[in-house]
S.K.: 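Encoded as C-alpha coordinates, here's the structure I'll be asking about.
Heads up: numbering here begins at 1 and tracks the sequence. Atoms within a ligand are numbered from 1 in the order they appear, just like the ligands themselves.
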Amino acid sequence: MNSFSFNGAGEIIFGRGTVSRLPELARRYGKGPVLVTLDPFFSGSDLKSRLNKDLKSAGLSPVFFDRIEPEPSPRSAETGARLARKKGCTLVVGIGGGSALDTAKGLAILAGNPGKVSDYVGLDRVPGPGLPTILVPTTAGTGSEVTFTAVFTNRQTKSKGGINSRFLYPAVALLDPELTLSLPPAVTAQTGMDALTHAMEAYTSNKANPLSDLVALKAVALIGAALKRAVQKGTDIEARENMLLGSLLAGLALANAGVTAVHAMAYPLGALFNVPHGLANAVLLPYVLEFNRSSCPERFARMGALLSRSAAASTLEQGAKQCIRKVIRLSRAIGIPEKLSDLKIPKKAIPQMAPAALKIARPIENNPRPITEEDIAALYRQMY
Ligand code: NAD
(Lines give C-alpha, C1' and ligand atoms only; values in the text may rest on other atoms or scores of the structure.)
Protein backbone atom coordinates (compact mmCIF):
# COMPACT_ATOMS: atom_id res chain seq x y z
CA MET A 1 0.00 0.00 0.00
CA ASN A 2 1.27 3.52 -0.78
CA SER A 3 1.69 5.89 2.14
CA PHE A 4 -0.97 8.58 2.44
CA SER A 5 -2.20 11.44 4.57
CA PHE A 6 -5.77 12.65 5.10
CA ASN A 7 -6.86 16.22 5.77
CA GLY A 8 -10.03 18.29 6.08
CA ALA A 9 -11.35 20.99 8.37
CA GLY A 10 -9.99 21.27 11.93
CA GLU A 11 -13.48 20.42 13.17
CA ILE A 12 -16.60 19.30 11.30
CA ILE A 13 -20.00 20.00 12.85
CA PHE A 14 -23.06 18.60 11.07
CA GLY A 15 -26.75 18.73 11.89
CA ARG A 16 -30.09 20.46 11.60
CA GLY A 17 -30.11 23.82 13.37
CA THR A 18 -26.35 23.84 14.03
CA VAL A 19 -25.96 27.28 12.43
CA SER A 20 -27.12 28.61 15.81
CA ARG A 21 -23.70 27.58 17.17
CA LEU A 22 -21.92 30.06 14.91
CA PRO A 23 -21.60 32.91 17.47
CA GLU A 24 -20.11 30.57 20.10
CA LEU A 25 -17.66 29.15 17.54
CA ALA A 26 -16.79 32.60 16.21
CA ARG A 27 -15.91 33.70 19.72
CA ARG A 28 -13.56 30.73 20.05
CA TYR A 29 -11.51 31.81 17.00
CA GLY A 30 -12.09 35.56 16.73
CA LYS A 31 -12.09 38.71 18.82
CA GLY A 32 -13.68 42.05 17.96
CA PRO A 33 -14.38 42.56 14.26
CA VAL A 34 -15.32 39.44 12.28
CA LEU A 35 -15.73 39.47 8.50
CA VAL A 36 -18.87 37.59 7.46
CA THR A 37 -18.69 36.72 3.76
CA LEU A 38 -22.31 36.17 2.87
CA ASP A 39 -23.83 34.72 -0.30
CA PRO A 40 -25.95 37.51 -1.86
CA PHE A 41 -28.97 35.17 -1.73
CA PHE A 42 -28.98 35.73 2.05
CA SER A 43 -28.39 39.51 1.93
CA GLY A 44 -31.88 40.47 3.07
CA SER A 45 -32.62 37.31 5.03
CA ASP A 46 -33.68 36.58 8.61
CA LEU A 47 -30.50 34.55 8.89
CA LYS A 48 -28.45 37.72 8.39
CA SER A 49 -30.40 39.75 10.99
CA ARG A 50 -30.24 36.87 13.48
CA LEU A 51 -26.49 36.46 12.98
CA ASN A 52 -25.91 40.18 13.29
CA LYS A 53 -27.72 40.19 16.64
CA ASP A 54 -26.22 36.96 18.00
CA LEU A 55 -22.64 37.79 16.99
CA LYS A 56 -22.98 41.17 18.72
CA SER A 57 -24.40 39.45 21.82
CA ALA A 58 -21.31 37.23 21.78
CA GLY A 59 -19.14 40.36 22.02
CA LEU A 60 -18.07 40.39 18.35
CA SER A 61 -18.51 43.10 15.71
CA PRO A 62 -19.77 41.55 12.47
CA VAL A 63 -18.70 43.21 9.20
CA PHE A 64 -20.87 41.82 6.41
CA PHE A 65 -19.42 41.43 2.90
CA ASP A 66 -21.74 40.21 0.15
CA ARG A 67 -20.12 41.53 -3.03
CA ILE A 68 -19.57 38.01 -4.30
CA GLU A 69 -19.67 37.10 -7.95
CA PRO A 70 -20.88 33.66 -9.00
CA GLU A 71 -17.77 31.69 -10.10
CA PRO A 72 -15.80 34.51 -8.46
CA SER A 73 -13.02 36.51 -10.05
CA PRO A 74 -9.94 37.42 -7.96
CA ARG A 75 -11.47 40.87 -7.45
CA SER A 76 -14.12 39.48 -5.03
CA ALA A 77 -11.42 38.12 -2.70
CA GLU A 78 -9.13 41.13 -3.11
CA THR A 79 -11.92 43.62 -2.27
CA GLY A 80 -12.95 41.52 0.74
CA ALA A 81 -9.33 41.29 1.97
CA ARG A 82 -8.97 45.08 1.86
CA LEU A 83 -12.13 45.41 3.93
CA ALA A 84 -10.92 42.80 6.45
CA ARG A 85 -7.60 44.63 6.88
CA LYS A 86 -9.25 48.05 7.15
CA LYS A 87 -11.64 46.86 9.87
CA GLY A 88 -8.97 44.84 11.68
CA CYS A 89 -10.90 41.57 11.36
CA THR A 90 -9.56 38.57 13.29
CA LEU A 91 -11.74 35.84 11.74
CA VAL A 92 -13.51 35.18 8.42
CA VAL A 93 -16.88 33.43 8.39
CA GLY A 94 -18.02 32.22 4.96
CA ILE A 95 -21.71 31.41 4.40
CA GLY A 96 -23.01 30.38 1.00
CA GLY A 97 -22.38 28.29 -2.07
CA GLY A 98 -18.90 27.42 -3.35
CA SER A 99 -18.52 30.93 -4.80
CA ALA A 100 -18.98 32.56 -1.38
CA LEU A 101 -16.84 29.97 0.43
CA ASP A 102 -13.97 30.25 -2.07
CA THR A 103 -14.14 34.04 -1.79
CA ALA A 104 -13.97 33.72 2.02
CA LYS A 105 -10.99 31.33 1.80
CA GLY A 106 -9.15 33.53 -0.69
CA LEU A 107 -9.72 36.77 1.21
CA ALA A 108 -8.68 35.17 4.51
CA ILE A 109 -5.35 34.20 2.89
CA LEU A 110 -4.88 37.67 1.40
CA ALA A 111 -5.69 39.34 4.73
CA GLY A 112 -2.76 37.52 6.33
CA ASN A 113 -0.26 37.54 3.45
CA PRO A 114 1.02 40.19 1.05
CA GLY A 115 0.12 40.05 -2.63
CA LYS A 116 -2.90 39.18 -4.73
CA VAL A 117 -4.76 36.06 -5.85
CA SER A 118 -2.63 35.51 -8.96
CA ASP A 119 0.53 35.31 -6.79
CA TYR A 120 -0.84 32.20 -5.12
CA VAL A 121 -2.67 30.30 -7.89
CA GLY A 122 -1.06 26.87 -8.12
CA LEU A 123 0.05 24.38 -5.49
CA ASP A 124 1.67 25.36 -2.17
CA ARG A 125 2.50 28.93 -3.14
CA VAL A 126 0.94 30.57 -0.08
CA PRO A 127 3.77 31.50 2.32
CA GLY A 128 1.87 31.42 5.62
CA PRO A 129 -1.50 31.20 7.34
CA GLY A 130 -4.16 33.83 6.76
CA LEU A 131 -7.04 34.62 9.11
CA PRO A 132 -8.82 31.58 10.57
CA THR A 133 -12.07 30.63 8.81
CA ILE A 134 -15.41 29.06 9.69
CA LEU A 135 -17.21 27.83 6.58
CA VAL A 136 -20.94 27.21 6.31
CA PRO A 137 -22.08 25.74 2.95
CA THR A 138 -25.57 26.50 1.68
CA THR A 139 -25.36 24.41 -1.51
CA ALA A 140 -24.84 20.64 -1.40
CA GLY A 141 -22.20 20.50 -4.04
CA THR A 142 -18.67 21.80 -3.94
CA GLY A 143 -17.41 20.46 -0.59
CA SER A 144 -15.33 23.65 -0.44
CA GLU A 145 -15.87 23.71 3.35
CA VAL A 146 -13.33 20.88 3.70
CA THR A 147 -10.97 21.34 0.75
CA PHE A 148 -7.63 23.14 0.50
CA THR A 149 -8.70 24.92 -2.69
CA ALA A 150 -10.25 28.26 -3.67
CA VAL A 151 -11.11 28.55 -7.36
CA PHE A 152 -11.11 31.87 -9.23
CA THR A 153 -12.08 32.77 -12.78
CA ASN A 154 -9.92 35.37 -14.47
CA ARG A 155 -12.32 37.03 -16.89
CA GLN A 156 -9.52 38.90 -18.73
CA THR A 157 -7.46 35.83 -19.60
CA LYS A 158 -10.60 33.65 -19.71
CA SER A 159 -8.98 31.05 -17.49
CA LYS A 160 -9.85 29.35 -14.22
CA GLY A 161 -7.30 28.48 -11.55
CA GLY A 162 -7.19 27.51 -7.91
CA ILE A 163 -5.13 28.52 -4.92
CA ASN A 164 -4.23 25.15 -3.39
CA SER A 165 -2.59 25.32 0.00
CA ARG A 166 -2.93 23.62 3.38
CA PHE A 167 -3.45 27.13 4.82
CA LEU A 168 -6.90 27.11 3.19
CA TYR A 169 -8.31 24.37 5.40
CA PRO A 170 -10.83 26.01 7.73
CA ALA A 171 -10.82 25.89 11.51
CA VAL A 172 -14.45 24.74 11.42
CA ALA A 173 -16.81 23.41 8.74
CA LEU A 174 -20.34 23.95 10.02
CA LEU A 175 -23.02 22.14 8.02
CA ASP A 176 -26.70 22.81 8.64
CA PRO A 177 -28.97 21.07 6.11
CA GLU A 178 -31.81 23.49 6.89
CA LEU A 179 -29.83 26.20 5.07
CA THR A 180 -30.13 24.23 1.81
CA LEU A 181 -33.95 23.99 1.85
CA SER A 182 -34.28 27.17 -0.24
CA LEU A 183 -32.15 25.91 -3.15
CA PRO A 184 -34.19 25.93 -6.38
CA PRO A 185 -34.48 22.62 -8.30
CA ALA A 186 -31.99 23.49 -11.08
CA VAL A 187 -29.27 24.61 -8.61
CA THR A 188 -29.96 21.51 -6.48
CA ALA A 189 -29.53 19.32 -9.57
CA GLN A 190 -26.35 20.96 -10.85
CA THR A 191 -24.59 21.28 -7.50
CA GLY A 192 -25.66 17.75 -6.54
CA MET A 193 -24.13 16.36 -9.74
CA ASP A 194 -20.96 18.33 -8.89
CA ALA A 195 -20.77 16.44 -5.59
CA LEU A 196 -21.38 13.11 -7.35
CA THR A 197 -18.61 13.99 -9.80
CA HIS A 198 -16.19 14.67 -6.92
CA ALA A 199 -16.98 11.30 -5.34
CA MET A 200 -16.72 9.29 -8.60
CA GLU A 201 -13.56 11.04 -9.75
CA ALA A 202 -11.86 10.70 -6.35
CA TYR A 203 -12.73 6.99 -6.22
CA THR A 204 -11.22 6.39 -9.65
CA SER A 205 -8.27 8.80 -9.23
CA ASN A 206 -4.70 7.52 -9.39
CA LYS A 207 -4.26 9.21 -6.00
CA ALA A 208 -7.14 7.41 -4.26
CA ASN A 209 -6.26 5.98 -0.84
CA PRO A 210 -8.13 3.70 1.60
CA LEU A 211 -9.66 6.60 3.54
CA SER A 212 -10.67 8.61 0.48
CA ASP A 213 -12.24 5.41 -0.91
CA LEU A 214 -14.41 5.01 2.19
CA VAL A 215 -15.81 8.52 2.06
CA ALA A 216 -16.15 8.53 -1.76
CA LEU A 217 -18.22 5.33 -1.79
CA LYS A 218 -20.46 6.51 1.02
CA ALA A 219 -20.98 9.77 -0.88
CA VAL A 220 -21.97 7.88 -4.06
CA ALA A 221 -24.56 5.89 -2.10
CA LEU A 222 -26.00 8.94 -0.29
CA ILE A 223 -26.23 11.10 -3.41
CA GLY A 224 -27.60 8.23 -5.50
CA ALA A 225 -30.44 7.81 -3.01
CA ALA A 226 -31.17 11.49 -2.27
CA LEU A 227 -30.50 13.70 -5.29
CA LYS A 228 -33.67 13.05 -7.29
CA ARG A 229 -35.79 13.42 -4.14
CA ALA A 230 -34.09 16.74 -3.24
CA VAL A 231 -34.66 18.10 -6.76
CA GLN A 232 -38.29 16.99 -6.92
CA LYS A 233 -39.25 18.02 -3.38
CA GLY A 234 -36.97 20.71 -2.03
CA THR A 235 -38.64 20.69 1.37
CA ASP A 236 -37.68 17.05 2.00
CA ILE A 237 -35.29 17.67 4.89
CA GLU A 238 -34.07 14.06 4.97
CA ALA A 239 -33.06 14.23 1.31
CA ARG A 240 -31.41 17.63 1.92
CA GLU A 241 -29.56 16.21 4.91
CA ASN A 242 -28.27 13.22 2.94
CA MET A 243 -27.23 15.47 0.05
CA LEU A 244 -25.28 17.77 2.37
CA LEU A 245 -23.60 14.79 4.04
CA GLY A 246 -22.87 13.32 0.59
CA SER A 247 -21.31 16.55 -0.64
CA LEU A 248 -19.24 16.85 2.57
CA LEU A 249 -17.88 13.30 2.13
CA ALA A 250 -17.29 13.89 -1.58
CA GLY A 251 -15.38 17.08 -0.66
CA LEU A 252 -13.17 15.11 1.74
CA ALA A 253 -12.55 12.54 -1.01
CA LEU A 254 -11.71 15.32 -3.49
CA ALA A 255 -9.35 17.07 -1.05
CA ASN A 256 -7.40 13.88 -0.47
CA ALA A 257 -7.55 11.94 -3.73
CA GLY A 258 -7.98 14.76 -6.24
CA VAL A 259 -10.25 14.84 -9.26
CA THR A 260 -9.68 13.65 -12.82
CA ALA A 261 -10.33 14.65 -16.44
CA VAL A 262 -13.98 15.71 -15.93
CA HIS A 263 -12.77 18.70 -13.92
CA ALA A 264 -9.95 19.50 -16.34
CA MET A 265 -12.43 19.50 -19.23
CA ALA A 266 -15.01 21.51 -17.26
CA TYR A 267 -12.68 24.44 -16.57
CA PRO A 268 -12.64 25.82 -20.16
CA LEU A 269 -16.46 25.58 -20.31
CA GLY A 270 -16.63 27.85 -17.26
CA ALA A 271 -13.80 30.18 -18.21
CA LEU A 272 -14.73 30.68 -21.89
CA PHE A 273 -18.52 30.30 -21.81
CA ASN A 274 -19.55 31.01 -18.19
CA VAL A 275 -21.12 27.59 -17.77
CA PRO A 276 -21.68 27.08 -13.99
CA HIS A 277 -19.16 24.62 -12.57
CA GLY A 278 -21.69 21.99 -11.45
CA LEU A 279 -23.51 22.01 -14.77
CA ALA A 280 -20.27 21.66 -16.75
CA ASN A 281 -19.20 18.66 -14.66
CA ALA A 282 -22.66 17.09 -14.90
CA VAL A 283 -22.73 17.21 -18.71
CA LEU A 284 -19.19 15.85 -19.05
CA LEU A 285 -19.39 13.13 -16.41
CA PRO A 286 -20.91 10.18 -18.37
CA TYR A 287 -18.60 10.72 -21.37
CA VAL A 288 -15.40 10.78 -19.31
CA LEU A 289 -16.58 7.85 -17.18
CA GLU A 290 -17.06 5.86 -20.39
CA PHE A 291 -13.56 6.81 -21.56
CA ASN A 292 -12.10 5.64 -18.20
CA ARG A 293 -14.29 2.56 -17.67
CA SER A 294 -11.82 -0.03 -18.95
CA SER A 295 -9.02 1.23 -16.66
CA CYS A 296 -10.68 0.09 -13.41
CA PRO A 297 -13.92 -1.84 -14.14
CA GLU A 298 -14.11 -3.21 -10.60
CA ARG A 299 -14.25 0.33 -9.20
CA PHE A 300 -16.96 1.30 -11.66
CA ALA A 301 -18.98 -1.83 -10.83
CA ARG A 302 -18.75 -1.07 -7.10
CA MET A 303 -19.96 2.53 -7.61
CA GLY A 304 -22.77 1.27 -9.88
CA ALA A 305 -23.98 -1.16 -7.23
CA LEU A 306 -24.18 1.71 -4.71
CA LEU A 307 -25.75 4.36 -6.95
CA SER A 308 -29.16 2.70 -7.02
CA ARG A 309 -30.66 -0.71 -6.45
CA SER A 310 -30.74 -3.11 -9.41
CA ALA A 311 -30.27 -6.79 -10.17
CA ALA A 312 -26.63 -7.74 -9.55
CA ALA A 313 -24.54 -7.61 -12.72
CA SER A 314 -23.13 -10.98 -13.76
CA THR A 315 -19.68 -9.70 -14.82
CA LEU A 316 -17.46 -6.81 -13.80
CA GLU A 317 -17.76 -5.37 -17.28
CA GLN A 318 -21.54 -5.42 -17.10
CA GLY A 319 -21.44 -3.85 -13.65
CA ALA A 320 -19.16 -1.08 -14.93
CA LYS A 321 -21.45 -0.39 -17.90
CA GLN A 322 -24.46 -0.39 -15.59
CA CYS A 323 -22.77 2.28 -13.46
CA ILE A 324 -22.59 4.67 -16.39
CA ARG A 325 -26.16 3.91 -17.46
CA LYS A 326 -27.30 4.77 -13.92
CA VAL A 327 -25.46 8.10 -14.00
CA ILE A 328 -27.14 8.94 -17.32
CA ARG A 329 -30.56 7.93 -15.97
CA LEU A 330 -30.12 10.09 -12.86
CA SER A 331 -28.92 13.06 -14.92
CA ARG A 332 -31.95 12.81 -17.23
CA ALA A 333 -34.36 12.47 -14.30
CA ILE A 334 -33.15 15.77 -12.82
CA GLY A 335 -33.06 17.72 -16.09
CA ILE A 336 -29.32 17.88 -16.83
CA PRO A 337 -28.66 18.55 -20.54
CA GLU A 338 -26.69 15.94 -22.45
CA LYS A 339 -24.84 17.86 -25.16
CA LEU A 340 -22.43 20.76 -25.41
CA SER A 341 -24.76 22.18 -28.06
CA ASP A 342 -27.44 22.41 -25.31
CA LEU A 343 -25.02 24.75 -23.50
CA LYS A 344 -24.60 26.85 -26.67
CA ILE A 345 -20.93 25.99 -26.99
CA PRO A 346 -19.88 26.18 -30.64
CA LYS A 347 -18.02 23.19 -32.08
CA LYS A 348 -15.38 25.53 -33.44
CA ALA A 349 -14.24 26.22 -29.84
CA ILE A 350 -12.89 22.66 -29.44
CA PRO A 351 -9.36 23.47 -30.74
CA GLN A 352 -9.15 26.16 -28.03
CA MET A 353 -10.79 24.10 -25.25
CA ALA A 354 -8.78 20.88 -25.65
CA PRO A 355 -5.30 22.37 -25.01
CA ALA A 356 -6.75 24.51 -22.20
CA ALA A 357 -8.12 21.37 -20.50
CA LEU A 358 -4.80 19.54 -20.86
CA LYS A 359 -3.09 22.40 -19.00
CA ILE A 360 -5.10 21.60 -15.83
CA ALA A 361 -2.20 19.36 -14.87
CA ARG A 362 -3.09 17.56 -11.64
CA PRO A 363 -6.54 16.26 -12.67
CA ILE A 364 -5.00 15.08 -15.94
CA GLU A 365 -2.23 13.24 -14.01
CA ASN A 366 -4.84 11.69 -11.70
CA ASN A 367 -6.93 10.33 -14.57
CA PRO A 368 -6.92 6.53 -14.35
CA ARG A 369 -6.49 6.19 -18.12
CA PRO A 370 -3.77 8.30 -19.75
CA ILE A 371 -5.48 11.03 -21.75
CA THR A 372 -4.06 13.18 -24.57
CA GLU A 373 -5.16 16.42 -26.19
CA GLU A 374 -6.54 14.39 -29.12
CA ASP A 375 -8.57 12.21 -26.71
CA ILE A 376 -9.98 15.34 -25.07
CA ALA A 377 -10.88 16.90 -28.43
CA ALA A 378 -12.53 13.61 -29.49
CA LEU A 379 -14.54 13.52 -26.23
CA TYR A 380 -15.72 17.10 -26.73
CA ARG A 381 -16.74 16.21 -30.31
CA GLN A 382 -18.79 13.24 -29.04
CA MET A 383 -20.86 15.71 -27.03
CA TYR A 384 -22.69 17.15 -30.07
P1 NAD B 1 -22.62 29.16 -6.29
O2 NAD B 1 -21.93 29.36 -5.01
O3 NAD B 1 -22.17 30.01 -7.45
O4 NAD B 1 -24.18 29.29 -6.04
C5 NAD B 1 -25.10 29.11 -7.11
C6 NAD B 1 -26.33 30.00 -6.89
O7 NAD B 1 -27.07 29.51 -5.77
C8 NAD B 1 -25.97 31.44 -6.56
O9 NAD B 1 -26.88 32.27 -7.23
C10 NAD B 1 -26.20 31.54 -5.05
O11 NAD B 1 -26.53 32.85 -4.64
C12 NAD B 1 -27.36 30.58 -4.87
N13 NAD B 1 -27.52 29.98 -3.55
C14 NAD B 1 -26.56 29.53 -2.71
N15 NAD B 1 -27.11 28.95 -1.63
C16 NAD B 1 -28.46 29.06 -1.78
C17 NAD B 1 -29.57 28.65 -0.99
N18 NAD B 1 -29.42 27.96 0.15
N19 NAD B 1 -30.81 28.91 -1.46
C20 NAD B 1 -30.98 29.54 -2.66
N21 NAD B 1 -29.98 29.96 -3.45
C22 NAD B 1 -28.72 29.71 -3.00
O23 NAD B 1 -22.52 27.61 -6.78
P24 NAD B 1 -21.68 26.39 -6.24
O25 NAD B 1 -21.82 25.32 -7.24
O26 NAD B 1 -21.98 26.09 -4.83
O27 NAD B 1 -20.17 26.93 -6.29
C28 NAD B 1 -19.50 27.08 -7.53
C29 NAD B 1 -18.11 27.60 -7.31
O30 NAD B 1 -17.38 26.72 -6.45
C31 NAD B 1 -17.33 27.66 -8.63
O32 NAD B 1 -16.56 28.83 -8.69
C33 NAD B 1 -16.45 26.42 -8.56
O34 NAD B 1 -15.28 26.53 -9.33
C35 NAD B 1 -16.14 26.36 -7.07
N36 NAD B 1 -15.73 25.06 -6.56
C37 NAD B 1 -14.82 25.06 -5.54
C38 NAD B 1 -14.39 23.86 -4.99
C39 NAD B 1 -13.38 23.89 -3.90
O40 NAD B 1 -12.89 22.84 -3.49
N41 NAD B 1 -13.02 25.03 -3.38
C42 NAD B 1 -14.89 22.63 -5.46
C43 NAD B 1 -15.83 22.67 -6.49
C44 NAD B 1 -16.26 23.88 -7.02
S.K.: Taking the six-membered ring for Trp, are Phe148 and Tyr169 parallel (under 30°), tilted (30 to 60°) or perpendicular (over 60°)?
M.R.: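 Taking Tyr169 first and then Phe148, their aromatic rings lie parallel (interplane angle under 30°).
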S.K.: Does any N/O atom on Leu179 come nearer than 3.5 Å to any N/O atom on ligand 1?
M.R.: yes
S.K.: Below the 3.5 angstrom mark, is there an N/O of Thr147, backbone or side chain, next to an N/O of ligand 1?
M.R.: yes
S.K.: Please assess Asn256 against Asn209 for the test side-chain hydrogen bond (donor to acceptor under 3.5 Å, both in side chains), listing each intermediate value before the final yes or no.
M.R.: CA-CA 8 Å; Asn256 290 283; Asn209 68 54; 5.4 Å; no
S.K.: Can you find a protein heavy atom under 4.0 Å from atom 9 (O) of ligand 1?
M.R.: no
S.K.: Quick one: does Asp39's side chain have a donor or acceptor within less than 3.5 Å of a partner on Phe42's backbone?
M.R.: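 A pair under 3.5 Å: no.
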S.K.: Are Leu306 and Leu217 side-chain neighbours, meaning at least one heavy-atom pair lies under 4.5 Å?
M.R.: yes
S.K.: Atom 35 (C) of ligand 1: which protein heavy atom is closest, and how many Å away?
M.R.: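 The closest heavy atom on the protein side is Asp102 OD2, 3.5 Å.
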S.K.: Please check if a non-hydrogen protein atom sits closer than 4.0 Å to atom 31 (C) of ligand 1.
M.R.: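 There is a protein heavy atom less than 4.0 Å from atom 31 (C) of ligand 1.
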S.K.: Would you name the heavy atoms of Leu60 and Pro23 that are closest together and state the gap between them?
M.R.: CD1-O, 4.2 Å
S.K.: State whether Tyr203 and Arg299 meet the cation-pi test: NZ (Lys) or CZ (Arg) under 6.0 Å from the six-membered ring centroid, and within 45° of the perpendicular axis.
M.R.: yes
S.K.: Taking 4.0 Å as the limit for heavy-atom contacts, which would you say applies to Gln190 with ligand 1: side chain only, backbone only, both, or neither?
M.R.: neither
S.K.: Ser182 heavy atoms, cut-off 4.0 Å: which ligand 1 atoms fall inside?
M.R.: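 Near Ser182, the atoms of ligand 1 are 17 (C), 18 (N), 19 (N), 20 (C).
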S.K.: Is there any N or O on Thr149 that sits under 3.5 Å from an N or O of ligand 1?
M.R.: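 Such a contact does occur with ligand 1.
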S.K.: Atoms of ligand 1 less than 4.0 Å from Lys160 heavy atoms?
M.R.: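 Matching atoms, with element in brackets: 34 (O).
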S.K.: Which is closest to atom 27 (O) of ligand 1 in terms of heavy atoms, Gly192, Gly98, Ala195, Ala280?
M.R.: Gly98
S.K.: Identify the heavy atoms of Leu38 and Ile68 that sit nearest to each other, and give their distance.
M.R.: O-CD1, 3.2 Å
S.K.: Could you walk me through whether Arg293 and Glu290 pass the salt bridge (charged side-chain N to carboxylate O under 4.0 Å, His left out) test, one step at a time?
M.R.: CA-CA 5 Å; Arg293 179 170 56 83; Glu290 182 56 38; 2.9 Å; yes
S.K.: Heavy-atom contact check, 4.0 Å cutoff: does Phe152 meet ligand 1?
M.R.: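 No.
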S.K.: Below 4.0 angstrom from a heavy atom of Thr139, which ligand 1 atoms are there? Numbered from 1 as shown, please.
M.R.: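 The list of qualifying atoms is 14 (C), 15 (N), 26 (O).
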S.K.: Answer yes if the side chains of Thr191 and Asp194 hold a donor-acceptor pair under 3.5 Å, and no otherwise.
M.R.: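 No pair is found: no donor N or O on one side chain lies under 3.5 Å from an acceptor on the other.
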S.K.: Which of these, Thr147, Thr133, Thr37, sits in a side chain to side chain donor-acceptor pair (under 3.5 Å) with Lys105?
M.R.: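 The option that passes is Thr147.
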S.K.: Using heavy atoms and a threshold below 4.0 Å, how should the contact between Glu71 and ligand 1 be classified: side chain, backbone, both, or neither?
M.R.: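 Both parts.
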S.K.: Considering only heavy atoms, which of Leu47, Asp39, Asn281 lies nearest to atom 11 (O) of ligand 1?
M.R.: Asp39
S.K.: Go through ligand 1 atom by atom and flag the ones less than 4.0 Å from a non-hydrogen atom of Thr191.
M.R.: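 Contacts of ligand 1 toward Thr191, numbered from 1: 25 (O).
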S.K.: Regarding atom 29 (C) of ligand 1: of the candidates Ser99, Ser43, Ala271, which has the closest heavy atom?
M.R.: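 That would be Ser99.
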S.K.: Compare every heavy atom of Leu307 with every heavy atom of Cys323, then report the nearest pair and how far apart it is.
M.R.: O-CD1, 4.0 Å
S.K.: Counting each atom of ligand 1 from 1 as listed, which ones have a heavy atom of Val187 under 4.0 Å away?
M.R.: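 Atoms satisfying the 4.0 Å criterion: 7 (O).
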S.K.: Would you say ligand 1 has an N or O under 3.5 Å from any N or O of Thr138?
M.R.: yes
S.K.: Does Thr142 approach ligand 1 within less than 4.0 angstrom via side chain, backbone, both or neither, non-hydrogen atoms only?
M.R.: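 The answer is both.
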S.K.: Have Asn366 and Thr260 got a donor and an acceptor in their side chains that come within less than 3.5 Å?
M.R.: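 No donor-acceptor contact under 3.5 Å links the two side chains.
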S.K.: Which residue owns the protein heavy atom closest to atom 16 (C) of ligand 1, what's the atom, and how far is it?
M.R.: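 The answer is Leu183 CD2, 3.4 Å.
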S.K.: Of all heavy-atom pairs between Pro33 and Lys87, which one has the smallest distance, and what is that distance?
M.R.: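 Minimum heavy-atom separation between Pro33 and Lys87: CG-O, 3.2 Å.
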S.K.: Which atoms of ligand 1 sit under 4.0 Å from any heavy atom of Pro72?
M.R.: 32 (O)
